[in-house]
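The chains referred to below are lettered A, B, ... by the order of the sequence lines, with proteins before strands, and numbering in each begins at 1.
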2 protein chains.
Amino acid sequence: MQGKDTCDIYCYDEEKVNRIQQLMTNVDLLKVAKLFKALSDENRAKIVYSLCEDDELCVCDIANIIGSTVANTSHHLRTLHKQGIVKYRREGKLVFYSLDDEHMRQLMLIGLEHVEEVKANV
Amino acid sequence: MQGKDTCDIYCYDEEKVNRIQQLMTNVDLLKVAKLFKALSDENRAKIVYSLCEDDELCVCDIANIIGSTVANTSHHLRTLHKQGIVKYRREGKLVFYSLDDEHMRQLMLIGLEHVEEVKANV
DNA sequence: CATACAATCAAATGATTATTTAAATGACCA
DNA sequence: TGGTCATTTAAATAATCATTTGATTGTATG
């Protein structure tokens, strides 16, 4: 029934493995990984945090906030947009970015809570 | 008061920029970025999801679930542990991993919700 | 129409990161 | 104590990603 003792490759609990693999077919963990990857850069985390504090910001304001070039900022915003994290609207020459939905504010909040707690435990 | 029109470098709203930069000094966005980076790999996302579905799993079970080598799995688990995402306990020859706290379940849940919604909008 | 400027794009470089392989721990058991 | 097995570590390679630079697009305005 189970492979807890010696088997050809390694020990493993076949039942558990199968059950979880089955559950995993229902969720898109590659997409989730990509979502987190978009948030995994300090500059992009700063952008998302900024958009938690201010509803709308134009590209050059964001560039100034994160202390980077406009080209680099635009690049990062594209990455965030591809994952549905930010949206934008054009107003004349300016392009204003904002958070796409409430999920991002929640993720950032929980993330910040977590690192505060971890820091406290050290 | 504001730099909305031509300035030496670029247009920007100095007041906004300063306000948000000030707010950013209170939070550790580098740590948050590192946290998300740990979740930004498909294999590690699979590990965290697996640990949402099963309280405890040993290394070789996890290796089988994600379909990778034990060495590689161990490497990923180390990455997750460094960010306070998973914890472990030793029982004889086996090492059992579990989620460190409830935050991770929340992050994974919100992440999954988000990618489902984004997918629906395409 | 030409100029100015915000933003984007494309190519190149430098830096990080995932994965593999092989060797090393650390714990049990005969 | 010697051997086996689960896990970890180290070093090397392969792959991915961030940033810079220079050129381009799109929009307003003189």
Side-chain angles (χ1 to χ4, degrees), chain A residues 2-13 17 29-30 33-47 56-83 86-98, chain B residues 3-13 17 29-30 33-47 56-83 86-97:
Chain A
Q2 287 163 317
K4 259 277 158 132
D5 32 25
T6 309
C7 65
D8 285 336
I9 315 172
Y10 273 107
C11 95
Y12 70 99
D13 186 329
V17 170
L29 292 170
L30 178 57
K34 283 181 179 174
L35 169 67
F36 287 131
K37 186 167 292 176
L39 299 167
S40 75
D41 176 88
E42 187 182 9
N43 279 329
R44 290 197 295 270
K46 282 183 178 178
I47 292 174
E56 270 196 339
L57 291 168
C58 72
V59 177
C60 71
D61 276 345
I62 296 173
N64 275 284
I65 290 169
I66 70 174
S68 186
T69 63
V70 170
N72 191 20
T73 303
S74 180
H75 202 115
H76 284 311
L77 286 166
R78 192 166 174 273
T79 302
L80 290 170
H81 186 255
K82 260 200 279 189
Q83 300 308 321
V86 299
K87 58 179 191 274
Y88 63 85
R89 78 184 169 84
R90 177 151 229 147
E91 186 179 313
K93 276 189 285 189
L94 299 174
V95 175
F96 287 95
Y97 280 85
S98 55
Chain B
K4 257 278 155 125
D5 32 27
T6 309
C7 66
D8 285 335
I9 315 172
Y10 274 108
C11 96
Y12 70 99
D13 186 329
V17 170
L29 291 171
L30 178 56
K34 282 182 180 172
L35 169 66
F36 287 133
K37 187 168 294 177
L39 298 168
S40 75
D41 176 88
E42 188 182 8
N43 280 328
R44 289 196 295 271
K46 283 183 178 178
I47 292 173
E56 270 196 339
L57 291 167
C58 73
V59 177
C60 70
D61 276 344
I62 296 174
N64 275 285
I65 290 169
I66 71 175
S68 186
T69 62
V70 169
N72 191 18
T73 304
S74 179
H75 205 116
H76 284 311
L77 286 167
R78 194 165 174 270
T79 302
L80 291 170
H81 186 255
K82 260 199 279 189
Q83 300 308 321
V86 299
K87 59 177 190 278
Y88 62 85
R89 76 181 171 87
R90 178 150 228 147
E91 186 179 314
K93 274 190 285 189
L94 299 173
V95 175
F96 287 95
Y97 280 85

Rounded distance (Å) that lies between atom P of D:dT8 and atom CG of B:Leu80: 12 Å

Spacing between A:Ile66 atom CD1 and D:dA18 atom P, to the nearest angstrom: 12 Å

Atom-pair distance (NZ on A:Lys82; P on D:dT16), nearest Å: 13 Å

Nearest-Å distance for atom pair NE2/P, residues B:His75 and D:dA6: 22 Å

Touch class at under 4.0 angstrom, heavy-atom based, for B:His76 against every strand present: sugar-phosphate

Among D:dA6, D:dT19, C:dC9, the one nearest B:Leu94 by side-chain distance: D:dA6

Closest nucleotide among C:dA7, D:dT20, D:dT7 to the B:Ser74 side chain: D:dT7

Nucleotide nearest B:Cys58 (side chain, heavy atoms from C-beta), chosen from C:dT8, D:dT19, D:dT7: D:dT7

Upstream residue (5' side of DNA chain D) when A:Ser68 and A:Arg90 are each assigned their closest nucleotide: A:Ser68

Integer-rounded Å distance: C:dT17 P and B:Arg44 CZ: 9 Å

Nucleotide of C:dT8, D:dT27, C:dT19 approaching A:Lys93 most closely (side-chain heavy atoms): D:dT27

Test log, rule salt bridge (Lys or Arg N to Asp or Glu O under 4.0 Å), inputs B:Lys34 and A:Glu42: CA-CA 8 Å; B:Lys34 282 182 180 172; A:Glu42 187 182 9; over 6 Å; no

Whether A:Phe36 and B:Phe36 hold their rings parallel, tilted or perpendicular, with breakpoints at 30° and 60°: parallel

Between C:dT17 (C1') and B:Gln83 (CD): distance, integer Å: 14 Å

Interatomic distance, A:Glu42 CD vs C:dT16 P [rounded to whole Å]: 13 Å

Nearest-neighbour nucleotide for the A:Ala71 side chain, D:dT27, C:dT19, D:dT21 considered: D:dT21

Donor-acceptor pair, side chain of A:Thr73 and main chain of A:Thr69, under 3.5 angstrom: yes

Residue-phosphate contact under 4.0 Å: B:Arg78 side-chain N/O, D:dT9 OP1/OP2: yes

Phosphate OP1/OP2 of C:dT19: any B:Asn43 side-chain N/O under 4.0 Å: yes

Separation of atom CG in B:Leu30 from atom P in C:dT16, rounded to whole Å: 12 Å

Most 5' of B:Tyr97 and A:Thr79 on DNA chain D, judged by nearest nucleotide: B:Tyr97

A:Lys87 atom NZ: more than 12 heavy-atom contacts under 6.0 Å: yes

Side chain of B:Asp41 (C-beta onward), nearest among C:dT20, D:dT16, C:dA18: C:dA18

Sugar-phosphate, base or nothing in reach of A:Tyr88, heavy atoms under 4.0 Å: nothing

Flag, side chain of B:Asp61 to backbone of A:Asp13, donor-acceptor distance under 3.5 Å: yes

